[in-house]
Amino acid sequence: MPQAKSDAPRSIAKNRRALYEYEVLDKLTVGIVLTGTEVKSLRGGRISLQESYIVIKKGDLWLIQAHIPEYTHGNMWNHAPTRERKLLAKRREVDRWSKLVKQRGTTIVPLEVFWQGSLVKLEIALAQGKKLHDKRQSEREKSDKREMARAVSRQR
């Protein structure tokens, strides 16, 4: 008897650096317009979000500098690895985020690419850059949590 596919999201890649560099103010899940060879490359888990960012052009969201390597078995119709990709979001969300991005120090960054059923989705965040002391505070909190978890596991 075949097993039913679950609709639980399966992560392809996360941008952990964005969580270190930015303070997340709001999150949104959007779709991505992809070509066939890009989807096949993503099935292999091949994407880099490290240098990527999102801009608003003519009322649409665009993913810039996300690197999806060329599909190995692609032919002359293979995609360009760092082409601009359109993101699919509701107009009112784009308009609301557009107003917030015009404020100083606010930007939109990609956080995670994942499969939702047979569709590729992208979680994006409205973010504000952290200062150096904020990054140190985040590191301190993370190491404190790690130490507490170790202490609890030693007591068992």
Side-chain angles (χ1 to χ4, degrees), residues 5-71 78-150:
K5 288 187 178 182
S6 70
D7 288 337
R10 296 179 322 249
S11 182
I12 298 171
K14 291 185 180 184
N15 188 359
R16 293 183 302 195
R17 188 74 185 172
L19 296 175
Y20 178 74
E21 295 285 337
Y22 298 98
E23 177 187 348
V24 175
L25 305 175
D26 194 11
K27 291 182 182 179
L28 181 65
T29 301
V30 297
I32 312 174
V33 176
L34 298 171
T35 64
T37 54
E38 289 173 327
V39 174
K40 287 186 177 264
S41 235
L42 287 175
R43 286 201 188 281
R46 301 176 65 202
I47 183 171
S48 174
L49 297 173
Q50 296 303 319
E51 300 293 324
S52 61
Y53 58 96
I54 295 164
V55 296
I56 300 173
K57 293 182 191 174
K58 298 180 184 175
D60 290 324
L61 293 171
W62 290 85
L63 179 64
I64 311 293
Q65 291 296 316
H67 188 270
I68 301 176
E70 289 184 345
Y71 181 56
N78 225 338
H79 64 277
T82 57
R83 73 176 187 91
E84 296 180 359
R85 294 166 179 93
K86 187 176 180 177
L87 301 178
L88 306 171
K90 293 190 176 183
R91 173 71 48 215
R92 99 181 138 245
E93 289 292 337
V94 174
D95 292 342
R96 185 172 67 88
W97 279 33
S98 177
K99 290 175 189 171
L100 294 171
V101 165
K102 289 178 183 171
Q103 296 175 357
R104 192 176 139 262
T106 309
T107 187
I108 305 174
V109 293
L111 295 181
E112 180 180 12
V113 177
F114 59 93
W115 291 101
Q116 191 168 22
S118 63
L119 303 175
V120 177
K121 299 288 185 171
L122 176 69
E123 183 176 45
I124 61 176
L126 185 67
Q128 196 167 25
K130 285 185 180 178
K131 304 285 187 222
L132 180 61
H133 60 84
D134 293 334
K135 292 178 189 176
R136 289 180 183 156
Q137 182 66 27
S138 297
E139 285 294 320
R140 194 173 304 119
E141 289 171 2
K142 192 167 24 171
S143 67
D144 289 345
K145 285 181 184 177
R146 197 176 312 125
E147 288 298 321
M148 286 190 291
R150 284 184 189 151

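Here the structure is a predicted model, which means the values were calculated and not measured.
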Can you tell me how far apart [atom1] ([X]) and [atom2] ([Y]) are? Round to the nearest 0.5 Å.
X: K90; Y: D95; atom1: NZ; atom2: CG; value: 13.5 Å
X: H67; Y: Q50; atom1: NE2; atom2: CD; value: 12.5 Å
X: I68; Y: T82; atom1: CD1; atom2: OG1; value: 10.5 Å
X: T107; Y: Y53; atom1: OG1; atom2: OH; value: 9.5 Å

Can you give the donor-acceptor pairs under 3.5 Å from side chains of residues 27-35 to other protein atoms, not counting sequence neighbours?
unit_1: T35; atom_1: OG1; unit_2: E38; atom_2: OE1; d: 3.3

Show me the donor-acceptor pairs within less than 3.5 Å that the side chains of residues 139-146 make with the rest of the protein, sequence neighbours left out.
unit_1: R140; atom_1: NH1; unit_2: Q137; atom_2: OE1; d: 2.8
unit_1: E141; atom_1: OE2; unit_2: Q137; atom_2: NE2; d: 3.3
unit_1: S143; atom_1: OG; unit_2: E139; atom_2: O; d: 3.4
unit_1: S143; atom_1: OG; unit_2: R140; atom_2: O; d: 2.9

* side-chain contact (heavy atoms from CB on, under 4.5 Å) between V94 and L87, worked out -> CA-CA 10 Å; V94 174; L87 301 178; over 6 Å; no
I want to check something: taking the side chain as every heavy atom from C-beta on, are [X] and [Y] in contact at a cut-off of under 4.5 Å?
X: W115; Y: V120; answer: yes
X: R96; Y: L126; answer: no
X: Y71; Y: R46; answer: no
X: R91; Y: D60; answer: yes
X: I124; Y: L61; answer: yes

* Taking the side chain from N78 and the backbone from E70, do they hold a donor-acceptor pair closer than 3.5 Å? ->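 Checked: no pair found.
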* Any donor-acceptor pair under 3.5 Å from S41 side chain to P69 backbone ->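 At least one qualifying donor-acceptor pair exists.
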* Neighbour count >12 (heavy atoms, 6.0 Å) for atom CZ, R83 ->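 For R83, atom CZ is crowded (more than 12 foreign heavy atoms under 6.0 Å).
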Heavy-atom pair of closest approach, residues [X] and [Y]:
X: Q65; Y: E51; result: CB-O, 3.7 Å
X: I54; Y: P110; result: CD1-N, 4.0 Å
X: S98; Y: I56; result: CA-CD1, 3.5 Å
X: L49; Y: A13; result: CD1-O, 4.2 Å
X: R85; Y: A66; result: NH1-O, 3.0 Å
X: G45; Y: I12; result: CA-CG2, 3.9 Å

* Asked: Where do E84 and L63 land on the side-chain contact (heavy atoms from CB on, under 4.5 Å) test, with the steps shown first?
  -> CA-CA 6 Å; E84 296 180 359; L63 179 64; over 6 Å; no
* For F114, ring-ring contact (aromatic ring centres under 6.0 Å, His included) partners two or more places apart ->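 Applying ring-ring contact (aromatic ring centres under 6.0 Å, His included) to F114 gives none.
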